[in-house]
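These notes are about the structure you will find just below.
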Amino acid sequence: MKFYNSLTRQREEFIPQKGNDVYIYSCGPTVYNYAHIGNFRTYIFMDLLRRSLKWNGYKLHHVMNITDVGHLVSDGDEGEDKMAKTAREQAKTPWEIAEYYTKIFMRDIERLNIEKPEIIAHATDHIPEMIAFVSGLVERGYAYETSDGIYFDVLKFSEYGMLSGNKLEEQKAGARVEINDEKHHPADFAVWKKAPREHIMQWESPWGMGYPGWHIECSAMGLKYLGEYFDIHTGGVDHIPIHHENEIAQTCGLLGHPAAKYWLHGEFMLVDGGKMSKSLNNVYTLDQLNDLGYKPCDFRYFCLNAHYRQKLNFTFEGLNAAKKSLSNLKNALLNHKNKPVTEETTAVSEKYYAEFCEAVSDDLNIPRALGIVWNLVKYETKSQTIYDKIMEMDKILAVNLDVICEDVPEDTVDDDLSKIIEEKIKMRADAKKQKNYSEADNIRSELESIGIILTDTPAGTTWKKK
RNA sequence: GGCGCCAUAGCCAAGCGGUAAGGCAGAGGUCUGCAAAACCUUUAUCCCCCGGUCCGAUUCCGGGUGGCGCCUCCA
């Protein structure tokens with residue numbers, strides 16, 4: 001397999017460090033709000049990575065964190081903890097907030113056919129590990145204490161910026177409001193924060209009551225579950241300049257070397273050509289898409305259409321295209337069901353299958369793989385072999401190609417109206433019998449004007465809401 | 001100002017030196033009284049522009065132009 005490694009900026013042959021076992025860390029959600037479709041694009045990418053590794057015969061040891069403490073609202077190390085802020089606003093405890101949004105997140109990734117990593121690690125369950133990590137940094141001289149916390153000393157790590165290419169001295173002067181003048185360097189970041197009395201989430205530490213910095217959790221939990229050296233670290237591209245840079249710095253500070261060998265980053269999803277942001281009112285959740293009539297698999301299929309390292313522009317035009325495309329694909333696949341198996345179709349499906357494998361293993365080229373699926377499904381001779389092979393491919397795509405009819409929402413038309421509609425359909429059937437087609441068409445358009453669409457089938461006329 | 005990504009048909013998009021996958025939309029057809037659905041056929045003489053390397057470049061190099069992201073929390 002080959003992956004593009006953000007750290008070396010090139011495509012590399014993937015060689016696990018411990019034989020057939022692959023150790024992965026994925027940055028997971030901060031559970032202070034509903035995850036949006038942009039977040040899910042990244043987890044779909046993570047899932048495709050998992051599935052393709054398993055497809056290639058690897059055994060996975062995969063950790064994803066749930067950040068339920070330490071992620072601050074603004075300006076790196078100042079400002080309120082996101083969890084605490086939401087808790088305050090909703091008059092709940094941070095624990096309740098975390099539990100609620102974690103539950104929704106887990107439900108959503110399940111709906112998107114995103115496999116759960118083997119280990120889901122909550123930050124609040126790993127405070128001792130983080131404290132040990134911070135102590136180690138202090139002992140080794142990579143972190144220092146100020147009046148409000150323990151900070152990582154970026155100048156002690158000469159390679160700081162290796163992932164993003166940013167140079168410390170070239171950051172825009174004054175772009176970052178410097179509130180804390182105890183810091184040695186503006187880019188120094190908190191690995192531990194001392195808690196004000198009123199802070200809800202706080203733990204005992206060698207530096208008094210406090211709570212961990214955001215970045216430390218990933219370093220500490222990765223070390224605990226995956227060891228000093230592991231294979232892959234994933235996250236969104238936005239993590240490159242700060243979060244992952246800091247993780248690398250911390251790990252190098254403690255261990256003297258980076259932990260992960262391959263860094264894989266999923267690109268952003270744009271909305272209408274620009275950034276997704278709450279102020280532009282273009283942030284969508286899975287539930288919202290569902291209410292608009294799009295199934296989770298429609299969205300997943302939409303994401304499969306673009307390579308994970310490419311920005312993907314979300315529009316409803318695009319989502320409609322994906323929805324239609326997926327439905328067409330299922331129909332086309334159905335044509336192969338229970339059709340005779342021949343030497344020819346077996347050979348053909350093997351050939352396409354091999355191409356599919358190659359695409360998947362080539363830095364997760366799912367768009368190309370999808371094209372191969374289409375070419376195979378359109379093969380003129382229909383055969384169960386082809387059906388079976390494509391269902392095999394769906395183990396990567398995971399868009400439920402065998403599910404033909406997903407649950408449609410209950411129709412909200414009341415009984416009286418449906419009686420009237422049934423009556424009209426009967427009238428139209430009579431008109432058709434008498435070849436009075438203008439009357440039949442009138443009834444059709446009459447119903448259409450109140451939002452009812454008629455469809456003639458061999459079994460009779462059915463109707464649905466527009 | 002710094003860092004990074006990108007530019008392929010109406011839209012989404014693959015393509016990694018040998019002459020443009022795939023999907024959606026559109027067009028034509030089959031079927032249907034008409035629709036709808038389904039199925040078949042079709043849709044880029046060319047890949048933002050200008051130079052260069054090469055027998056050959058959408059693909060490599062240099063320079064433009066344009067778009068996007070980041071440098072504040074973000075997947």
Side-chain angles (χ1 to χ4, degrees), chain A residues 6 9 11 26-30 32-33 35-46 71-76 78-79 82 161 163-177 187 214 234-243 265-270 273-278 283 301-302 304-307 309-315 317-329 331-332 334-335 355 359 362-363 365-375 377-378 380 431-432 435-438 440-441 444-445 448 453-458 461-462 464:
Chain A
S6 305
R9 295 179 196 219
R11 197 179 295 227
S26 292
C27 282
T30 300
Y32 70 107
N33 205 338
H36 55 66
I37 56 174
N39 299 316
F40 287 124
R41 183 189 182 198
T42 303
Y43 298 115
I44 287 171
F45 147 62
M46 174 189 93
H71 201 160
L72 304 184
V73 168
S74 67
D75 188 32
E78 303 300 326
K82 286 186 172 191
L163 188 62
S164 63
N166 282 338
K167 301 272 187 300
L168 281 174
E169 59 277 14
E170 280 164 6
Q171 303 282 302
K172 192 174 184 180
R176 184 186 178 109
V177 183
W214 173 38
T234 77
V237 278
D238 55 309
H239 282 152
I240 293 173
I242 304 285
H243 183 55
H265 291 99
E267 251 296 350
F268 260 31
M269 172 169 274
L270 307 178
K275 196 182 164 170
M276 201 181 288
S277 87
K278 284 190 180 146
V283 174
Y301 187 93
F302 174 79
L304 299 184
N305 243 321
H307 188 90
R309 285 192 291 113
Q310 215 63 43
K311 290 183 186 74
L312 175 59
N313 188 21
F314 177 85
T315 60
E317 191 187 356
L319 187 58
N320 280 329
K323 182 181 177 177
K324 190 76 175 57
S325 179
L326 176 56
S327 145
N328 287 348
L329 181 57
N331 278 323
L334 212 51
N335 292 150
E355 284 179 26
D362 182 17
D363 197 26
N365 196 334
I366 305 300
R368 200 171 103 215
L370 205 50
I372 292 162
V373 171
W374 271 99
N375 286 332
V377 84
K378 285 191 302 188
E380 50 269 39
K432 278 173 66 178
K435 301 220 184 283
N436 185 353
Y437 295 120
S438 64
D441 288 347
R444 184 201 288 283
S445 55
E448 191 175 349
I453 305 291
L454 297 186
T455 305
D456 294 330
T457 73
T461 303
T462 63
K464 63 177 180 186

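A note on names: the letters A, B, ... follow the listed sequences, proteins ahead of strands, and every chain is numbered from 1.
C24(B) and C6(B) have their P atoms separated by 27 Å, with the value rounded to a whole Å. One C1' atom belongs to G1(B), the other to A44(B), and the distance between them is 40 Å to the nearest Å. Look at the C1' atom in both U65(B) and C50(B): the space between them is 10 Å, to the nearest Å. Of the P atoms belonging to A21(B) and U41(B), the separation is 16 Å, rounded to the nearest Å.
Between A75(B) and Asn39(A), a contact under 4.0 Å exists linking OP1 or OP2 to a side-chain N or O.
Pairing for A9(B) is absent, with no Watson-Crick or G-U wobble pair whose two atom distances lie under 3.5 Å. Remark: C60(B) base-pairs with G52(B). Criterion, Watson-Crick or G-U wobble with two distances under 3.5 Å. Base pairing of A27(B) is made with U41(B), judged by Watson-Crick or G-U wobble geometry with both donor-acceptor distances under 3.5 Å. When both pairing distances are held under 3.5 Å, G4(B) makes a Watson-Crick or G-U pair with C68(B).
Computed from coordinates, the Asn305(A) CG to A25(B) P distance equals 13 Å when rounded to whole Å. Atom-to-atom, CG of Asp362(A) to C1' of G15(B) comes out at 11 Å; the value is rounded to the nearest Å. Ile242(A) has its CD1 atom 9 Å from the C1' atom of U72(B), to the nearest Å. Regarding Met269(A), its CE atom lies at a distance of 18 Å from the P atom of C68(B), rounded to whole Å. One interatomic measurement links the two molecules: CZ of Phe268(A) to P of G69(B), which rounds to 10 Å at whole-angstrom precision. Put simply, CZ on Phe314(A) is 13 Å from P on A13(B), counting in whole angstrom units.
Comparing A13(B), G22(B), A75(B) by their nearest atom to the side chain of Trp374(A) picks out G22(B). Each of A21(B), A75(B), A13(B) was ranked by its minimum atom distance to the side chain of Asn375(A); first place goes to A21(B).
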So which protein N/O to nucleotides 46-48 of chain B N/O distances come out below 3.5 Å?
none

Could you list all N or O pairs between the protein and nucleotides 35-44 of chain B that sit under 3.5 Å apart?
residue: A35(B); atom: N1; partner: Asp456(A); partner atom: N; Å: 3.1
residue: A35(B); atom: N3; partner: Arg444(A); partner atom: NH1; Å: 3.3
residue: A35(B); atom: N3; partner: Arg444(A); partner atom: NH2; Å: 3.4
residue: A38(B); atom: OP1; partner: Asn328(A); partner atom: OD1; Å: 3.3

For nucleotides 4-11 of chain B, print each protein N/O atom paired with a nucleotide N/O atom at under 3.5 Å, atom names and distance only.
residue: C5(B); atom: O2; partner: Lys311(A); partner atom: NZ; Å: 3.4

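Note that CZ of Phe314(A) is 12.5 Å distant from CZ of Arg41(A), once rounded to the nearest 0.5 Å. Rounded to the nearest 0.5 angstrom, Ile37(A) CD1 and Met269(A) CE are separated by 5.0 Å.
Taking the 5.5 Å centre cut-off and the 30° plane limit, the aromatic side chain of Tyr437(A) is classed as stacked on G33(B).
Nucleic acid contact for Gly235(A): sugar-phosphate only, since backbone atoms but no base atoms lie under 4.0 Å from a heavy atom of the residue.
Partners of His243(A) under the ring pair (Phe, Tyr, Trp, His ring centres under 6.0 Å) rule, at least two apart in sequence or in another chain, are Trp214(A), His215(A), His239(A). With sequence neighbours left out, Lys432(A) forms a salt bridge (charged side-chain N to carboxylate O under 4.0 Å, His left out) with Asp456(A). Residues passing the side-chain contact (heavy atoms from CB on, under 4.5 Å) test with Asp238(A), sequence neighbours excluded: Phe268(A).
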